[in-house]
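Per chain, numbering begins at 1; letters A, B, ... match sequence-line order.
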2 protein chains.
Amino acid sequence: MYEATRSRESHPFGPHQIDELLQLVQASVPFQRRLVRADDVIFQAGQAFVNLYIANSGFYKLVNSSGEGREQVVGLHFKGDWMGLDGIAHGCYGCEAVALDTGEIWAVSYESLFHSAMKTPALLAAMHSAMSRELVRDHDAMLSLCTLPADARVAGFLRYWADALEQRGLRTDQVTLRMSRAEIGNYLGMTLETVSRALSRMARDEVIRFAEKGRREIHIPQVQALTSFIREACAAPVGTANAR
Amino acid sequence: MYEATRSRESHPFGPHQIDELLQLVQASVPFQRRLVRADDVIFQAGQAFVNLYIANSGFYKLVNSSGEGREQVVGLHFKGDWMGLDGIAHGCYGCEAVALDTGEIWAVSYESLFHSAMKTPALLAAMHSAMSRELVRDHDAMLSLCTLPADARVAGFLRYWADALEQRGLRTDQVTLRMSRAEIGNYLGMTLETVSRALSRMARDEVIRFAEKGRREIHIPQVQALTSFIREACAAPVGTANAR
DNA sequence: CGAACTGTTGAAAACTTTCAAATCTGGTGG
DNA sequence: CCACCAGATTTGAAAGTTTTCAACAGTTCG
C-alpha cells in the first residue's frame, strides 16, 4: 500500500544497512533473543513499556485497538524493523505486536538503549532513523488509504511487501502472504471480500498469479506491473478497461 | 479523529509539559524564530532536511504527496508539536508543512539538536517522546480512517481538535476551524460535501452549533457529546436514529 | 470423513461520491 | 456605498464503489 513518493537515493536502505543496524545493536547494548511462532504475541497494548523490539527475522503486525473493540492493523514489520516505539510517549505500548510467522525477536531495554545511545552516536542515529522511517511509512499508508480505490490499495500492498523483501535482499517475484484476506482487508481498510475480488481481478489481468491452492503464495512476474495496475485503477471506473 | 484508546495517566501531557519542552529547547539549543501567516510554507517535501521545527504558537498541517499528484493531509500540529521528523530517515522532508494561521515557529538544526541531546538526557527524552506521540497519533488516525463511518470521523476530528486545545490549556467549548471543508475532507478521507453533511447532522442533533456566518467557528457545548455521537454513528445505519 | 477455517463469487443493500444548483461571504472597483 | 465576482458552504438527486449477506468450494486437522 505504501508509495515511493520521492527519490531516496541519498539515503539508501537495503540489506547492508539492516545488517549494520543489527550488528550495531549487538555490539552496543544487551538484548534478549526470543524465538516466536505465528500468532505469538510480542507485547500487548496497555502493557508497561520496558523494551523495544527489533525483528531479526520473521514478519510481524502491529494492531491498534479502540476502547469499543474496533481493531486496526497499523503496521507490518520485517527484519531490521523496530517495534514498540509508540510506547515511549505514554509509558505503555499503544499497540499489540503479533508474529505472523516463525522468527527471532530481539528485546532491548529502552533504558539501556537510551544510555548506550548517549555514548554511541551511530546507535542514536539508527534509532532516530527507524522512528522516522516509521513515520514516513505511516504517512504513505494514510495517503494510500485516503486517495486510492480498493483495487489499487491491494496492489499497493503487494508492492509494499515486495519492496520490503527486496530491501532485505530477498526475491520479490514470489511472495508468500503471511496474512489472511481478513487481516489484509483490515490493514487496508476494506472487507475480506473486497481483497479477494481485487486479487482475482489482478490474477485475471495477469498482474499476479496464484502459485498454490491456498492462494496465499503469489507470483509477481514484474513488480512494475503492480504500479501500472494502481495507475489504471485510479483513472478508470470499474468496468472500463478489459471488461468482458 | 483520534481516539483516546487507553488510560495515559502515568504520563500526563498538558500545558505544563509543553511549556517545559519549549523552555528546555530554549535553554539547550540555538534556534531561529520565524513568524508565519496562513498558507505560509514552513518546508517542502523533498527539500533537504536540515531543521526540525517546533510550533510555538499557531496551527499547521503536514501534507504528503504521491508522485502522481494525489495529496493527503497526514497531520495537524499545535503548540509544542515537532515537525519535519520524517526527514531524518531519508535526508529530505517527506511532507510539506503549511501554516493554517498566524503563528511562531522555532527552527532547530537537527545536527545541533543531536549533539545537545547527547549531553542533555531530558532533551533527548523529549525528542523521543515527541516522535513517539506522533506515531501514536498516526496509529489512532488509521484506526479512525479504517473503522469509522464518515459522520463519526468528522465528530472524531472535532474531538481531536478540542482535546488538542484542552491539552494546551485553551477553552474547548469554542473551536475555530482553521481549515476549509475541503481540507478537513482530505484529512479524513472523504469529500468536502460529506464533511458538510456530517456537520449539518451534528448541528441538527445539537451536538455542535455554528457560532458565526462563515460556519467555521463551532460551539461544542459538551465534548463528551461528540463521543456519544461517534458511538451512535457506528452502531446505527444512516437513517435509524432521529430520522424525520 | 466431518468440522472448522479460509477463500471465492454473486446479488442486494448501504454508504459515499459525483454532479448540479442555490446561498452566502468577503473583497474589489466603480 | 453598492454592485458584482470569486470562493466557500450547503443541499438534493443520481451514480458509483464497497459492504453485507449468502452460498459454495477447497484445505487442514483430528
Side-chain angles (χ1 to χ4, degrees), chain A residues 38-39 70 100 144-155 157-158 176-204 208-218 230 232-241 243-244, chain B residues 38-39 70 100 144-155 176-204 208-218 230 232-241 243-244:
Chain A
D39 299 324
R70 285 175 290 120
L100 296 172
S144 293
L145 281 174
C146 291
T147 67
L148 293 180
D151 281 10
R153 296 212 294 279
V154 176
F157 165 75
L158 291 179
T176 302
L177 299 178
R178 261 70 183 187
M179 307 163 74
S180 68
R181 302 292 191 259
E183 280 176 300
I184 296 170
N186 178 289
Y187 178 53
L188 299 175
M190 66 187 74
T191 60
L192 63 95
E193 291 94 332
T194 302
V195 175
S196 178
R197 284 186 241 270
L199 289 172
S200 295
R201 272 189 286 270
M202 275 185 262
R204 195 205 57 181
I208 62 171
R209 221 172 309 150
F210 291 111
E212 39 92 69
K213 45 271 133 32
R215 300 199 138 211
R216 288 207 185 177
E217 196 165 312
I218 290 178
I230 294 171
E232 282 161 31
C234 290
V238 141
T240 300
R244 46 183 66 205
Chain B
D39 299 323
R70 285 174 290 120
L100 296 172
S144 292
L145 281 174
C146 291
T147 66
L148 292 181
D151 282 11
R153 296 212 293 279
V154 176
T176 302
L177 299 179
R178 261 71 183 187
M179 306 162 75
S180 68
R181 301 292 189 260
E183 280 175 300
I184 296 170
N186 179 287
Y187 178 53
L188 298 175
M190 65 187 73
T191 59
L192 65 95
E193 292 94 332
T194 303
V195 175
S196 177
R197 282 185 243 270
L199 289 172
S200 295
R201 271 189 287 269
M202 276 186 263
R204 195 206 56 182
I208 62 171
R209 222 172 310 150
F210 291 111
E212 39 91 70
K213 44 268 134 29
R215 300 201 135 209
R216 290 209 185 177
E217 196 165 312
I218 291 177
I230 294 170
E232 282 161 32
C234 290
V238 140
T240 301
R244 47 182 68 203

Output the single nucleotide from [options] whose closest atom is nearest the side chain of [X].
X: B:Arg181; options: D:dT10, D:dG26, D:dA8; value: D:dT10
X: B:Thr191; options: C:dT17, D:dA8, C:dT8; value: C:dT17
X: B:Ser180; options: C:dT6, D:dT18, D:dT9; value: D:dT9

Open item on the list: Using every non-hydrogen atom in the two residues, find where A:Leu148 and A:Arg153 come nearest and quote the distance to one decimal.
Closed with: O-NH1, 2.7 Å
TODO: Please report the closest heavy-atom contact between B:Arg215 and B:Ser200, naming both atoms and the distance.
DONE: NH1-OG, 4.4 Å
Open item on the list: Run A:Phe157 and A:Leu177 through side chain to side chain contact (heavy atoms under 4.5 Å, CB included) and show every step you take.
Closed with: CA-CA 10 Å; A:Phe157 165 75; A:Leu177 299 178; 3.9 Å; yes
Could you tell me the separation between the [atom1] atom of [X] and the [atom2] atom of [N], rounded to a whole number of Å?
X: A:Ile184; N: C:dT6; atom1: CD1; atom2: C1'; value: 12 Å
X: B:Asp151; N: C:dA14; atom1: CG; atom2: P; value: 16 Å
X: A:Leu177; N: C:dT6; atom1: CG; atom2: C1'; value: 13 Å
X: A:Leu192; N: D:dC24; atom1: CG; atom2: P; value: 18 Å
X: A:Leu188; N: D:dT17; atom1: CG; atom2: C1'; value: 16 Å
X: B:Arg215; N: C:dC24; atom1: CZ; atom2: P; value: 10 Å
X: B:Met202; N: D:dT10; atom1: CE; atom2: P; value: 11 Å
X: B:Arg201; N: D:dT9; atom1: CZ; atom2: C1'; value: 15 Å

Got a second to check how far [X]'s [atom1] is from [Y]'s [atom2], nearest 0.5 Å?
X: B:Leu145; Y: A:Cys146; atom1: CG; atom2: SG; result: 4.5 Å
X: A:Met202; Y: A:Ile230; atom1: CE; atom2: CD1; result: 8.5 Å
X: B:Arg178; Y: B:Leu100; atom1: CZ; atom2: CG; result: 8.5 Å

Task: Residue whose nearest DNA chain D nucleotide is more 5′ - A:Gly214 or A:Met190 - done: A:Met190
Task: First of A:Gly189 and B:Met179 reached from the 5' end of DNA chain D, by closest nucleotide - done: B:Met179
Open item on the list: Please give me every residue in residues 193-200 of chain A whose heavy atoms get under 4.0 Å of an atom in DNA chain C, ordered by residue number.
Closed with: A:Glu193, A:Ser196, A:Arg197, A:Ser200
Open item on the list: Out of the candidates A:Ile208, A:Thr194, A:Leu199, only one should pair with A:Val154 under the side chain to side chain contact (heavy atoms under 4.5 Å, CB included) rule; please name it.
Closed with: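 For A:Val154, the side chain to side chain contact (heavy atoms under 4.5 Å, CB included) test succeeds with only one of A:Ile208, A:Thr194, A:Leu199, which is A:Leu199.
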